[in-house]
Amino acid sequence: KLSDKTARLTAYDLLPTTVSATAETREFLQKVIDVLLDFVKATNDRNEKILEFHHPEEMKTILNLDIPDRAVTLQQLIEDCATTLKYQVKTGHPHFFNQLSCGLDIVSMAGEWLTATANTNMFTYEIAPVFILMENVVLSKMRQIIGWEGGDSILAPGGSISNLYAFLAARHKMFPNYKEHGAAGLPGQLVMFTSDQCHYSVKSCAAVCGLGTDHCVMVPSDEHGKMIISELERLILERKAKGHIPFFVNATAGTTVLGAFDNINQIADICQKYKCWLHIDAAWGGGLLLSRKYRHPRLSGIERADSVTWNPHKLMGALLQCSTIHFKEDGLLISCNQMSAEYLFMTDKQYDISYDTGDKVIQCGRHNDIFKLWLQWRSKGNEGFERQQDRLMQLAEYQVKRIREQSDRFHLILEPELVNVSFWYIPKRLRGVPHDKRKEAELAKICPIIKGRMMQKGSLMVGYQPDDRRPNFFRSIISSAAVTEQDVDFMLDEIHRLGDDL
Ligand SMILES: O=C(O)c1cc(=O)cc(C(=O)O)o1
């Protein structure tokens, strides 16, 4: 609670409006921080629920989200903060296995707090000198880790936009007059290729950029979720025979559902043969580039790519959002997207304007997503980050072992290459029944029931989904540094408790 005097104040009694109110401003902010710290504590307390689930209509009655005519008091604002977090899912909870981004890295969060306080745009060195230099240091380090000298990179608002920047740069590199003349300037129908396991944002590039999804060829994958290389070549030849122009191939390093890695070297050979741009969507699997134990063979050949998407907010646990897109060739981003808005990118500035980034992107305004990664990386060092990625893989291997040891009640769908573990839970009545399509259909029906029970109880969150080969199955993700072997055991035991009678 705020002191009585401060509680009744409003935001207008604080800085900047009330210039003398440094004490009241500090008191208000310290109370907000207390609310945040309570949430951090609860997030890390395994006895705390992950969520208080309510259906949307019910949630609307619990929350008062109205925007009033008159300013509310500072005490009300503190209560608003507490209520908001009370009903927020604790995505950093050690029993949250629901998304590719799990966990709450304390230093990265502190970085995000500073980022908010600095509140700067990232389009020019002029207003973000330290952060721009930080971007240059971290992004060139990431390009070196990929295996490149030179090149260029940018942070984008998520993996989907990173993939879009790769598509735009590829098309610009190969058809530079598209920028001025549009499709009329193209020598024919462009075609892109990706696996049927890729992230949907790759296909949306075709829609957003006017290629048409008809010309985003989904290459079949094998039973491990890897692109079938012979199919890629066959489909490229099929399109060329129609007079189409294959120009872009996406290889996925860590698919969203199964965590599969396409064979980069084989795909790079095909791209070389047919003069296609090779983009690697390593949004999810990119973190393993830090690991000497797991980088090869999963990411072997990544240095042959023309562009790479890599999201530190996924496997590396940087706070949302933190997505990077890297190009082997420098100068492409700027020539592709430059509009030279003279009110921002004056050419007569008193400093080297190559440090300005706004003209490299289609965004103009760009959020500062670098500080939380830079601070986090310094807090771990390269050794620490490598250990963290290895630990996540070790925990996934432990989970596979535990599933195999309980094969009466769990059916492992495939040996994972990453921290995605895909499995069915087998309730009592179906144990011992031979595994076939009919049984899969039954197992698929209980996924949503078990999921509903775990959310009502607030004890666990594990995702489920069908894919192109099978009906609903659980997909657990271990990407939180909080997770231990005991948490993995809890996940499996809790699913058993919630689903045994189904
Ligand atoms: O950043 C994430 O957590 C994320 C991004 C996705 O596109 C898909 C998923 C997912 O399927 O969990 O997670």
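Order of listing sets the numbers, starting from 1, for every ligand and every atom in it. Worth knowing before you read on, the calculation uses all heavy atoms, side chains too, and leaves out hydrogens, waters and symmetry mates.
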Under 3.5 Å side-chain donor-acceptor pair for T91 and H93
no
Which ligand 1 atoms does H313 reach within 4.0 Å, using its non-hydrogen atoms?
1 (O)
With a 3.5 Å cut-off and no angle check, do the side chains of T309 and N163 form a donor-acceptor pair?
yes
Does this structure show an ion pair linking E417 with K226, if we count only N-O contacts that are shorter than 4.0 Å?
yes
Under 4.0 Å from a heavy atom of T256: which atoms of ligand 1 are those, numbered in the order shown and with their elements?
8 (C), 11 (O)
Within the structure, is a non-hydrogen atom of Q321 found at a distance of less than 4.0 Å from ligand 1?
no
Of all protein heavy atoms, the one nearest atom 11 (O) of ligand 1 is R475 NH1, 3.0 Å
Which of R295, R292, K380 passes salt bridge (Lys or Arg N to Asp or Glu O under 4.0 Å) with E386? Answer is R292
The protein heavy atom nearest to atom 9 (C) of ligand 1 is L100 CG, 3.6 Å
I'd like to know if E440 pairs up with K437 as an ion pair, taking the criterion as any Lys NZ or Arg NE/NH1/NH2 lying under 4.0 Å from an Asp or Glu carboxylate oxygen.
yes
Salt-bridged, D306 to K173, with N to O below 4.0 Å?
no
Within the 4.0 Å heavy-atom shell around Q99, which atoms of ligand 1 are there?
3 (O), 10 (C), 12 (O)
Taking distance alone, with N or O pairs closer than 3.5 Å, would you say L320 contacts ligand 1?
no
Could you identify the single nearest non-hydrogen protein atom to atom 7 (O) of ligand 1 and state the distance to 0.1 Å?
H199 NE2, 2.7 Å
Atom 2 (C) of ligand 1 has as its nearest protein heavy atom S101 OG, 3.3 Å
Scan for salt bridge (Lys or Arg N to Asp or Glu O under 4.0 Å) pairs involving residues 247-259, sequence neighbours excluded, and state none if there are none.
none
